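Scroll down for the structure; my scribbles are underneath it.
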Amino acid sequence: ESGVTRPKGYNVSFHCNPEMEKYHFGQNHPMKPWRLALSKSLIYSYGMSFAMDNYISRTATYEELAGFHSTDYLDFLGTVLPEPVPRDLESQNPDLKFNLGGSDCPLFEGLYDYCSMSAGTAMDAARKICSNQSDIAIAWGGGLHHAKKAEASGFCYINDIVLAILQLLRFYPRVLYIDIDVHHGDGVEEAFFSTDRVMTVSFHKYDPHNFFPGTGALEDNGPKNEHNPGAHHAFNVPLNDGITDEQYKWLFDRVIGDIVAKFRPGAIALQCGADSLAGDRLGRFNLQVQGHGACVEFCKEKNIPMILFGGGGYTPRNVARAWTYETSIAIEYNKKIDPTLPQHAPWRDHFRHDTLFPTLEQTLGEPRQNRNPQKRLQEIVQHVTEQLRFVQA
Ligand code: ZLM
Ligand code: CA
Ligand code: ZN
């Protein structure tokens, strides 16, 4: 026996599709679906599966995907064949159809199936929340927040989060979306731009000309037109390189605490992109597994039904650590978890250090310089407070 027990009166479901782990974006592409296998392997090695309901999720149907995406786009996505675009030709061919086939969103073998699996995972999670069978539903294979109605963007083709939130809206009057991926959650923000039933909050590195996708300024709070119900229902927390656990936690607690108190969501959708961790191949922050997980813990303590999505995360060993720790938070095992990685964990050597919580020095050598003065963080909190005054209680 693993010694991991179920939390009393609290149900956690774990949704995955092991087929997803087998797809390949192409040589050297930062997005590596096998990080899902690594994460699941670590989660199961800790024995956490005994404390959750484990589901192999279905693939989403065409009709389900069409709940958000245009049929033109889906038809094309379903028929395109991988046709490698030579790197030097890509720049000469800027009008890729639906932004497909470039180096960010390549066409690869089985692309459509991969997308329907990610969406299926997220939608299954949403259904468990809607039917009250789960208090927390985990979908690490989802979280692809950049995809638009008729366009792929930033490694994302199908917006599984939007599809899941649309499900939640059938049962809950108000849904809060929170996004701790290092990139701006632009696709989700845009999808719910015109409704006051979804509030979106993204924390991200913001540098319009040098960091993808370049949107998500502090002042962008939804439609400027006051007659649009979505006005004031988008929140953005733009950050600079090197933010630390303490600062991030301070900000998160303030911002999310105030938003939850005012908006009173019936459900929370939390995108846990792990590229905000220190040492990520694409990230810029100094967050540790503990600081990233503290966001999940803070949300859990609100006792509101919640979906945990994956998202970015480009240093697979750190992705696996974060999502393992966050799974332990969901099942209330985090206080008891052994920080030493299980002896029998497959791929143990892959983790380099045999701890779930490597120090900044272990992950980075030299931590990134912190370019977030406390004064700026206070301004952010101040702005959020002011914007919240416009939100109907
Ligand atoms: N070039 N290969 C985050 C999505 C971030 C746009 C600049 C491509 C890369 C990146 C792809 C192997 C989420 C941009 C980048 C080079 C135009 C981005 C393929 C390295 C490689 O080595 C690479 C040949 C590739 C892509 C780096 N792309 C880094 N950053 C961003 C998209 C997705 O985490 O938020 C959610 C899952 N794209 O900066 C360029 C402007 C394409
Ligand atoms: Ca984000
Ligand atoms: Zn990201």
Side-chain angles (χ1 to χ4, degrees), residues 20 23-33 35-36 84-91 93-94 96 99-108 114-115 118-119 122 139-148 151-162 177-190 200-218 220 234-240 243 248 251-252 255-256 269-277 280-285 287 292 295 309-316 318-319 322-323 380:
M20 257 190 96
Y23 293 89
H24 250 281
F25 278 60
Q27 210 183 1
N28 214 27
H29 194 287
M31 180 55 100
K32 302 189 183 306
R35 71 206 172 114
L36 296 170
V85 185
R87 260 179 102 69
D88 53 328
L89 284 183
E90 193 199 317
S91 49
N93 180 19
L96 302 162
N99 195 30
L100 288 165
S103 53
D104 272 357
C105 301
L107 298 171
F108 56 85
Y114 166 83
C115 294
S118 160
W140 298 134
L144 307 177
H145 59 177
H146 298 304
K148 311 284 154 56
E151 196 181 286
S153 170
F155 319 162
C156 305
Y157 305 82
I158 292 290
N159 202 316
D160 59 283
I161 304 170
V162 171
Y177 173 66
I178 306 170
D179 185 316
I180 61 171
D181 190 288
V182 76
H183 299 98
H184 176 222
D186 57 350
V188 183
E189 180 184 276
E190 184 182 298
T200 63
V201 192
S202 176
F203 295 74
H204 46 267
K205 152 88 184 165
Y206 180 67
D207 185 353
H209 303 293
N210 299 304
F211 198 74
F212 186 86
T215 48
L218 181 62
D220 296 341
F235 285 88
N236 285 298
V237 179
L239 302 166
N240 281 315
I243 192 164
Y248 201 92
L251 251 185
F252 191 90
V255 169
I256 300 302
L270 175 57
Q271 197 266 21
C272 303
D275 49 5
S276 41
L277 292 170
D280 187 83
R281 177 176 164 193
L282 300 189
R284 307 289 181 88
F285 295 166
L287 293 190
H292 201 267
C295 302
F309 299 92
Y314 306 102
T315 302
N318 294 339
V319 177
W323 292 349
I380 293 173

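Values below: all heavy atoms of this structure, side chains included; hydrogens, waters and symmetry mates excluded. Everything numeric here is computed off the predicted structure, so don't read it as measured data. Atoms within each ligand, like the ligands themselves, are counted from 1 in listed order.
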- Backbone or side-chain N or O of His183 under 3.5 Å from ligand 1 N or O: yes

- Query: Can you tell me if His146 uses its side chain to pair, donor with acceptor, with the backbone of Gly185 under 3.5 Å?
  - Reply: no

- If you look at His183, which of its N/O/S atoms is nearest to the Zn ion (ligand 3)? ND1

- Atoms in ligand 1 with a heavy atom of Met31 nearer than 4.0 Å: 37 (C)

- Between Val182 and ligand 1, which residue portion shows a heavy-atom distance shorter than 4.0 Å: side chain, backbone, both, or neither? neither

- Task: Please state whether Ser103 comes within less than 4.0 angstrom of ligand 1, counting heavy atoms only.
- Result: yes

- Item | Closest to atom 39 (O) of ligand 1 among Phe211, Phe212, Phe155, Phe25 (heavy-atom distance) | Phe212

- Message: I'd like the atom name of the N/O/S atom in Asp181 lying closest to the Zn ion (ligand 3).
- Response: OD1

- May I ask you to check whether Phe212 and Phe155 place their ring centers less than 6.0 Å from one another? no

- Task: Tell me whether Ser202 has at least one N, O or S atom under 3.0 Å from the Ca ion (ligand 2).
- Result: yes

- Give the contacting part of Gln27 toward ligand 1: side chain, backbone, both or neither, where contact means a heavy-atom distance below 4.0 Å. backbone

- Any donor-acceptor pair under 3.5 Å linking the side chain of Asp275 with the backbone of Leu282? no

- Message: Below a 4.0 angstrom heavy-atom separation, can you tell me which part of Pro213, side chain or backbone, both or neither, approaches ligand 1?
- Response: neither

- Can you figure out which of Gln271, Arg281, His145 has its heavy atom closest to atom 35 (O) of ligand 1? His145

- In Asp181, the N, O or S atom nearest to the Ca ion (ligand 2) is which? O

- Without swapping roles, check the side chain of Asp160 against the backbone of Leu144 for a donor-acceptor pair under 3.5 Å. yes

- Can you name the one residue among Thr215, Asn236, Thr200 that meets side-chain hydrogen bond (donor to acceptor under 3.5 Å, both in side chains) with Glu189? Asn236

- Item | Parallel, tilted or perpendicular: ring planes of Phe25 versus Tyr157, cut at 30 and 60 degrees | tilted

- Closest to the Zn ion (ligand 3), which N/O/S atom of Asp275 is it? OD2

- Does any N, O or S atom in Gly185 come within less than 3.0 Å of the Ca ion (ligand 2)? no

- Check: Asp181 main-chain N/O paired with Ser276 side-chain donor or acceptor under 3.5 Å: no

- Message: Tell me if the centroids of the rings in Phe203 and Phe252 come within less than 6.0 Å of each other.
- Response: yes

- Query: Just by modelled atom types, is the Cys272 backbone N or O under 3.5 Å from a matching donor or acceptor in the Trp323 side chain?
  - Reply: yes

- Message: Using a 4.0 Å cut-off to any heavy atom of Gly312, which atoms of ligand 1 qualify?
- Response: 34 (O), 36 (C), 37 (C)

- Out of Asp181, Asp104, Asn28, Leu144, whose heavy atom is nearest to atom 18 (C) of ligand 1? Asp104

- Item | Atoms in ligand 1 with a heavy atom of Asp275 nearer than 4.0 Å | 34 (O)

- Between Phe211 and His183, is the gap from one ring center to the other below 6.0 Å? yes

- Item | Heavy atoms from other residues, nucleotides or ligands near NE2 of His24 exceed 12 (cutoff 6.0 Å) | no

- Task: Identify, by atom number and element, the atoms of ligand 1 in contact range of Tyr314, meaning under 4.0 Å from any of its heavy atoms.
- Result: 3 (C), 13 (C), 33 (C), 34 (O), 36 (C), 37 (C)

- Query: What's the atom name of the N, O or S in His183 nearest to the Ca ion (ligand 2)?
  - Reply: O

- Message: Pairing donors with acceptors under 3.5 angstrom, does anything connect the side chains of His204 and Asp179?
- Response: no

- Item | Residue Asp179 atom name (nearest to the Ca ion (ligand 2); N/O/S) | OD1

